[in-house]
Structures are given as structure tokens and as C-alpha cells.
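All remarks here apply to the structure that follows.
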Number of protein chains: 4
Amino acid sequence: MSTPPRQRRKEARPAELLAAAFDLFVARGFAATRMEDIAQRAGVSKGTVFLYFESKQALLRAVVEDAVLPHLAAGEAMVEAASGESPEVVLRQLLLCFATALADSRLAGLPKLISAEAGNFPELATYYHDNVVLRIRHLLVSVLERGIAVGVFRACDTTLVGRLAIAPILFECMWQRLPDPCGQEPPLSPEAFIQTHLDLFIRGLLVNPHSPRKAE
Amino acid sequence: MSTPPRQRRKEARPAELLAAAFDLFVARGFAATRMEDIAQRAGVSKGTVFLYFESKQALLRAVVEDAVLPHLAAGEAMVEAASGESPEVVLRQLLLCFATALADSRLAGLPKLISAEAGNFPELATYYHDNVVLRIRHLLVSVLERGIAVGVFRACDTTLVGRLAIAPILFECMWQRLPDPCGQEPPLSPEAFIQTHLDLFIRGLLVNPHSPRKAE
Amino acid sequence: MSTPPRQRRKEARPAELLAAAFDLFVARGFAATRMEDIAQRAGVSKGTVFLYFESKQALLRAVVEDAVLPHLAAGEAMVEAASGESPEVVLRQLLLCFATALADSRLAGLPKLISAEAGNFPELATYYHDNVVLRIRHLLVSVLERGIAVGVFRACDTTLVGRLAIAPILFECMWQRLPDPCGQEPPLSPEAFIQTHLDLFIRGLLVNPHSPRKAE
Amino acid sequence: MSTPPRQRRKEARPAELLAAAFDLFVARGFAATRMEDIAQRAGVSKGTVFLYFESKQALLRAVVEDAVLPHLAAGEAMVEAASGESPEVVLRQLLLCFATALADSRLAGLPKLISAEAGNFPELATYYHDNVVLRIRHLLVSVLERGIAVGVFRACDTTLVGRLAIAPILFECMWQRLPDPCGQEPPLSPEAFIQTHLDLFIRGLLVNPHSPRKAE
DNA sequence: CATGAATGAGGTTTCATTCAT
DNA sequence: GATGAATGAAACCTCATTCAT
């Protein structure tokens, strides 16, 4: 019964703990996740977690901030960069950018986590709403408004249509982690999904849909 | 010393308990909800809950089944009834039906609950997937296939497009319970939301969009 | 392995818990006493303590208040009652009253507990100081002042002499619980102790000591 | 990046640690004092304490011994030196000596510490009893006996009266650390206190009190 | 049936102690 | 030697569940 070798890795620990906590919080929810599980997944012992985070709730806050912060600026930069393009192209790129960011990273679990814990931690919901939701909505609204002004997009309630634009992407994020019950279904390639959505959505939005185009 | 209000008939108890449990499970999650809170919300004492449900987990199962069962047949009946109509009308009615059912009833919280607890209770996810998700997908797929066959809808991956059709509805269900952080924004009328979605989505799907139509 | 029979005694529990907690807090100190030990001494299980007291610290507060409250009025009443007597007799009775109250009851441990925990719970020290220390000092000072005014007691700093009057009594309280290390010494009869103190102290205080009297 | 102040000579470490530990043990009690607090107060890191003391309990033992040892011989030497004087003068000097030793040094906290921890560490109580209490009592008893033999002091239970002689001094030690709740009261000059005690106590003890003397 | 006092397994958190650096 | 990151036993406290009333 040999005790495992003790390792001192002060630099790497917080990130490892945040990653472990994020995954478990998303998979099981905050309340159903035990600190010891987080510790084990990060390869440390129970007590070590508390060297880096004051409490379980503080860990949750840190998890959310850590997931949100690095991505805050990216979207705005992208719109800026693509400002020369046509609204249709910008909208397409923007949504593609979201979808890609979410498809890869563990970030995909964040909406589910926020939605699940908003009831118990309102300050978390507020933080996310102010720092993520509003920014994204603003980006979408401005692209839509420009498209309408230029006469490419149909007139519409831009806030509402902005929501509709990202809703399928976020919904798949929140839903896709469900353990595939039977493995019967092909796991839905994210690329096909986003392309189909873009095609349908933009065609629905355009004043003059590109005439001879297939939906898929 | 006034006598307490006459206790309700015992037949009503299970329904009241299920309703209380549903609301709290959706709002706080399963693990973060205490049996005593459920009892209190249903107006009974802690021990009474166990007279009707074997355990907390059994209560969860009952909650989900109770929410699912009464709605299972409704959709199929509707499609049956509307079989004479054009696919566009049927699709529109079907989605409207979903949206309405969800907007009114407490059923709206179910997807969030399932998504949140699927990780901890896979059998729940399976049950929901088999009894709800697959049926709804099937309904949508069949409508879409008929529309394509008739030449009204563009050719597409019907499964995928079916998902896209309900995704915004479900997403709003899962998201709308977030405590509105600042009250700044109007709470998004469900009618406007679903109408805009239908308009955009069906226009994107049609081979020949109705030419002179506004998006809102 | 039979589980002990469960008893429902809502009325008696708080007092039993307070008594158990008091004894252990005095014997071991607050921090070194485990809630489970208190529970066991009171004949209940770990969780039961928390049905009656919110937290360990709340239990400490309750313990002190419960020990202090019933005795607050007694002393004042006594001085009132004996107001017709000579100051010497009143002082003697007052100190005897203190000594007796402390000798019998578990109250004897209170000064030690307060002294030990004052550093960690300043509000406790304040409460005790205001409600007990000041009142007792006031009683003593008033008796001493009357004695001086009447010309029976020598002039003195009454506050200081008042402290000297009770100091030995309280000191024995705080010290007597020490486990008698060797059993060599007779355990010091409280009666002899208090009588000797009174004799010495009052003789030291009187203007005209009763001449032919032995110290013991 | 300035180099930290040169670390103290290692010879000084144990004394600094003992001092830090003593203060904290007295102020908070043994169980409520964390090793890290002791380390911090001594200006070293957590691990360093264990280089000098095997365990927390060993540190407690060392603290007590360190406080006791240097004073053990002093009292006996004093009595020896003053053997030529009258018993009244010797008793007065002896008590004054105690009071002064306690008033200055941090030694004052020792009785409180012993009283508080005797329940948890009986061997500590025994050690203190054998090495301090008994010696002091013996000193007092011998002075009192000589005074009685010479006919200056009244006949009495010398053990008991010996206790009464030091009780107020020790009581003030144990009590005076209480955080003055309101600062209302003047902090009681130790000199006035001991002088008043000596005056009252010795007058009560003498066969022929010095006739014209004030109590303060 | 209904209640809520009682239980005790289990979770979060603390902290004496160890040990890699 | 000195440090402080790491450990894990043990403490406080919660809450699903039981059962006497």
C-alpha cells in the first residue's frame, strides 16, 4: 500500500482544478458534485482544492469566470475585422465562429451550467448575462441592423431575430452532453449542423434569396 | 386556537406533491432541492412525502413521467387531424402547438430538468429520449418528408432540419427561467417569438418563398 | 446489534443538551469539545443537537445565558432583604451566598469558561461582564460604602476591596476542577474555606476588630 | 527584489517560538490556536515549527516548562535571604515578589493556561501542581507557621490561609486578560491592588493589628 | 393517515503533520 | 536548515429517511 508520490506543482494546479471542476459541474450539476471527486479528477487530494479555492462556491465562480474571460474580446474583434464584408458574410462568419468555439472547447458546457445554477446563484446569472449574453446579442443586433439598412436583410425585430440566430447553436450545446441512450443515432456532425442552420436561417432572412440553392 | 384549514382530500396529495417537486427540481436542480422544501410547498409535513413516494429519486421519476405522459398522444393526434392540410400549414401548426403547450404549462421546465439530471440519472435520459425526443423528431421528419416529396420544401437532411425547427423553442424554455437580472429587457412575448421563428424558418425551407412578405 | 430505542422528548432535550455542553465546555474548553461528545453525554445522536441549536457557537451562547439568567436577580434580592442588618452581617451573608451558589451548582464552572473563551468570543465576555460582573461589583461596593459611612469599615477603595472580597471564591471555582494530581491533599472543604476567608477578610476590614477571636 | 531581512540566529528560534506559542495558547486556548498562527507570530513558516518541536502537544509541554523553570528557585532563595526579618515582613515581601513577577512578565498567563488545559492534559496539571503549586504553598505555610510560633500571627489552618494569601493575585492574573468591554473602568493598577490586599490580609492575620492605619 | 423528532451516512471544511524542493 | 504545497484524519453540519406518537 504505497502512498502515491507527492508532487508540488503550484503553477499548474489552479488550471487543472478549474478544468476538473468545470467538467463535473457541467456533467452532474454543482450540488451533486463532491469536492473529493473534483480533487480526484485533478489528481490531488481532498484538502488541496482548498489551498486554491476558498470554498466550493468560490470554485464555481472561478470556473465561470475562467471560462468566460478569455473569450470575451474574441467576438468583438472578429466583427471589427470583418467590417468590410457584406452583412451576410459577417453574420455567417460570426455564427460560425460561435459554433466553432463551442464545438471544440469545454466552453460548450457553460450555458448548461449557467442555466442549471442560475436559480441557486443569481449573481452568477447576472454576471453571465451582463458579460456574455448582452455582448453577443449586441453583436448580432448590429450586424442585423446594418443588413437591414443596406437592404439585404428583411426588416425585423433585430433583438428577437438575433436570439433565433444563436438559439439552435446553444440548444445543441445544452443538449448534446446527454448520454446517447442507445447509440442508435449518428452523433450529428457539428459542421453539417451549423451549415444547415446558416443556410436555412440566412435564406429566411434575405430579401432576395439566392435562387438556385439546395438546403443542405 | 383556530383549527387548521381542513386538510385536502388525500387523492389530491400526489398531484400537489408532484407539482411542488417539479417546480423546485426545475428551479434548483434535484440535488439542491430538499425534501422538506417540497413538503412545505405542497403544504404537508416532511414525513408525508414518503407516504406517497418511496424515495427522493422515485419522486423524480414520478415527476418526469407525470409531466410527459399526458402530452404524449397529443402531437400525434394533431398531425393525424391535420393530414389534409398542406405540409407548410401542418408544420406551422405543429410547431405552434409545441410552443403553446410549453408556454402555458409548467411543462416548460422539463427540458431543463432532463438536461440537468441526465448525467446523474441516465435511465431518466433514456426514458425521455425514447418517449419524447424520438416521437417529436419522428413527427417533424414525416412532415418534412411529405413536404419535400410534394415539392414544397427544399431537399434537406430532414432529421437535422427537424431539430433546427424546435431548437429555438426548447432553448427559450431552458433559458427563460433565468432571473431577469436588471429587468431592462421586455420579457419577450412568446407569440411574437414563435411567429418570427416560423416565418423565418419556413421561408428558409420553402422552394418558393412567398414573395411579398415581411419578416415580422 | 440492536439500535437503541428512539425517544421523543422535545421538552427535555434543550436542558439536557445545555447541561452536557456546559460540563464539557468547562472541562475541555469550547474548541476541544466535539459536538458528538455533547450529543453522547446527553444521550442523543449527533444530528439531534442541531435540531435545537443552530451551531456550536450558538450552543455556547445558550449555555452561558442559561447559566447566568436564573441567578441574576437572586443577589439583589438578598441585599434588599438583609438591608436591616449591620453591614458586617450583610457582607458576610452576601459572600456566603455567592460561595454556596457556586459550591453546589454546576454554575461553578462558568467563570473558568468565560475566562477561557473571552479571547475567542469577545461578545461573550461583554455579555458576562455587563450582566454579571458589574452587578456583583455594584452590590459589594454598596455594602462596603454603607459600612464605611456608618463607621464600621475602614475607609478604602471600595471597588478594589470589593474585588478582593470575591477573588478567593472565584479563584477556587476556577482552580478546583483541576484533577487532583495525587490525591495527597484533602480536597478543601468549601465551608472551612469560605469561613476562614470571611473571618480574615472582615477582621482586616473592620475599624475595631472583635478582640478575642481565633482565625479559624 | 530585496533580500529578506537576515534570518535570526537559529539559537533564538526556540525562544521566539515558545513566546509566540505561549501568548496564543493563553489568549485563545490550546485547541483554538493553529500552528500556522504560532509560526507567523514568530516570523517563520509553518514547517519550521516542527523542526524544533515534535508536535503541537510537545510545544505545549515546552511552553509550560519554559515558563516555570526559571522561576522555581527564585522564591525559595528569597525566603532564605529574608530569614532574618520578621514573619510579617517576609510574608509581605513574598507576596509582593509573586505579584511583581506576574505583573511584568508574560508568566501572568500561565495559571489561566494550566487551568484551561488541565482537563485535556492531566500530566500538565500534575507537573504544574508538583513543581509550582506545592512549592509555593510550602513557602507560604512555613512563613505562616513561623509567624504563629512567634506569636505574631493568629493560629489558623496554614494551608488554607496560604491559599487565601495568593488567591487574589492569581485570580487577577486569570481574569485581567479579558478584553475590557467598554474601557469604562480604570485598568486597576497592580501596585494599588497588591498593597490593598497586603494591608487587609495581614491586618486580618495579625494578633495585634497596628492600631492607626488606613486600609489604602 | 399525518406529523416532526430523531437518526446517521455523507458532504464541506479545517488543520496538524509530512516531505519535495 | 527552511519553506510551503500536499495530505488525510477528523470536525462541523446537512438532510434523506425512519418511526414513535
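We name chains A, B, ... by the order of the sequence lines, and we start the count at 1 in each one. Worth knowing before you read on, the calculation uses all heavy atoms, side chains too, and leaves out hydrogens, waters and symmetry mates.
In this structure, CZ in F25(C) is found 6.0 Å from NZ in K56(C), a value given to the nearest 0.5 Å. Atoms CD1 and OG1, from I38(C) and T48(C) in turn, are 13.0 Å apart once rounded to the nearest 0.5 Å.
Distance, N120(A) CG to dT14(F) P: 16 Å, rounded to whole Å. In this structure, L24(B) atom CG and dC15(F) atom C1' are separated by 15 Å, rounded to whole Å. Look at CD1 on I38(C): it is 12 Å from C1' on dA11(F), rounded to the nearest Å. Summarising the geometry, the separation between CZ on F50(A) and C1' on dA9(F) is reported as 15 Å, rounded to the nearest angstrom. Here the C1' atom of nucleotide dT12(E) and the CG atom of L60(A) are 15 Å apart, to the nearest Å. Straight-line distance from the NZ atom of K56(B) to the P atom of dG10(E): 15 Å, rounded to whole Å. For F30(A) and dG11(E), the CZ to P distance is 14 Å, given to the nearest whole Å. For the pair K10(C) NZ and dA6(E) P, the computed distance is 9 Å after rounding to whole Å.
Put simply, T48(A) has a side-chain N or O that comes within less than 4.0 Å of OP1 or OP2 on dT7(F). Taking only side-chain nitrogens and oxygens, R13(B) comes nearer than 4.0 Å to OP1 or OP2 of dA2(E). Using a 4.0 Å cut-off, some side-chain N or O of Y52(C) falls inside it from OP1 or OP2 of dA6(E). Close to dA2(F), at under 4.0 Å from its OP1 or OP2, lies no side-chain N or O of S45(D). Residue R9(C) places no side-chain N or O under 4.0 Å from the OP1 or OP2 atom of dA6(E).
Between Q57(C) and V44(A), the one whose closest nucleotide on DNA chain F sits nearer the 5' end is V44(A). If you find the closest nucleotide of DNA chain E to E36(A) and to Q7(A), the one lying nearer the 5' end belongs to E36(A). Along DNA chain F, the nucleotide nearest to L51(A) and the one nearest to A31(B) differ in position, and the one closer to the 5' end is contacted by L51(A).
Counting all heavy atoms, side chain and backbone alike, L110(C) lies closest to F22(C) at N-CZ, 3.7 Å.
Under the Watson-Crick or G-U wobble criterion, with both distances below 3.5 Å, dG4(F) is paired with dC19(E).
Between F121(D) and F30(D), the ring-plane angle classifies as perpendicular under the 30° and 60° cut-offs.
Comparing dA11(F), dA2(E), dT17(F) by their closest approach to the side chain of R34(C) singles out dA11(F). Side chain of K46(A), nearest nucleotide from dT12(E), dA2(E), dT3(F): dT12(E). Picking from dT13(E), dA16(E), dC12(F) the nucleotide with the shortest atom distance to the side chain of M35(A) gives dT13(E).
The side chain to side chain donor-acceptor pair (under 3.5 Å) test with R28(B) is passed by exactly one of D37(B), D23(B), T33(B): D37(B).
On a pure distance criterion of 3.5 Å, a polar donor-acceptor pair joins the side chain of R6(A) and the base of dT18(E). A donor-acceptor contact under 3.5 Å links the side chain of R8(C) to the base of dG4(E).
Ion pairing between R41(A) and E16(A) fails under the 4.0 Å rule for side-chain N and carboxylate O.
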